[in-house]
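Data block below; observations after.
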Amino acid sequence: MFVALRFLVPLLIILTVLYVGVSIYSRWIRRGKLIAHWEKKGLTGDRDAFVRRGLEKYDGSMRRKLILGIYVVPLSLIAILIYVTNFM
């Protein structure tokens, strides 16, 4: 059990750093696309409010939730590997 914890704790730290980095990068890219859309269409009004509303929509989007796969995929593969090694 302690061997698994010794392996999983650093793995969770690495995955958390990776998750935060990908989340920030994805949000930054989305913000750039919203600003480009604003400029391309020549919209008038408050650009910051437009970007803020767009980022709020992005926060509830499926793409944002898919980033959680950074945790799910590696941990699932490790669980499957442990199960196959020990019980099959």
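Quantities reported herein were computed from a predicted structural model and do not represent experimental measurements.
In terms of the side chain to side chain contact (heavy atoms under 4.5 Å, CB included) criterion, residue partners of Ala49 (sequence neighbours excluded) are, by chain and number, Asp46, Arg52, Arg53.
Residues Arg27 and Asp59 come closest through the heavy atom pair NH1-OD1, 2.6 Å. When every heavy atom of Lys65 is checked against every heavy atom of Gly60, the shortest pair comes out as NZ-O, 3.0 Å. Nearest heavy atoms, Pro74 versus Gly69: CD-O, 3.7 Å. Between Phe50 and Leu34 the shortest heavy-atom distance is CE2-O, 3.5 Å.
Ile29 contributes atom CD1, which lies 13.0 Å from atom CD1 of Ile24 (distance to the nearest 0.5 angstrom).
Checking side-chain atoms of Ser26 against main-chain N and O of Val22 turns up no donor-acceptor pair under 3.5 Å.
Note on Leu43: it clusters hydrophobically with Ile35, by side-chain heavy-atom contacts below 4.5 Å among ILVMFWY residues. Residues Ile82 and Leu15 are members of one and the same hydrophobic cluster, defined by side-chain heavy-atom contacts under 4.5 angstrom among Ile, Leu, Val, Met, Phe, Trp and Tyr. Residue Phe87 is grouped with residue Ile80 when hydrophobic side chains (ILVMFWY) are merged at heavy-atom distances under 4.5 angstrom, including chains of intermediate members. Following chains of ILVMFWY side-chain contacts shorter than 4.5 Å, one can reach Leu18 starting from Leu11, so the two form part of one hydrophobic cluster. Linking ILVMFWY side-chain heavy atoms closer than 4.5 Å, directly or via other members, places Leu75 and Tyr19 in a single hydrophobic cluster.
The neighbour count for Arg31 CZ, taken as heavy atoms of other residues, nucleotides or ligands under 6.0 Å away, does not exceed 12.
Checked options Val73, Leu66, Leu68, Ile67; the residue passing with Ile70 is Ile67 (criterion: side chain to side chain contact (heavy atoms under 4.5 Å, CB included)).
Under the 4.5 Å side-chain criterion, counting only non-hydrogen atoms from C-beta, Arg63 is not in contact with Arg30.
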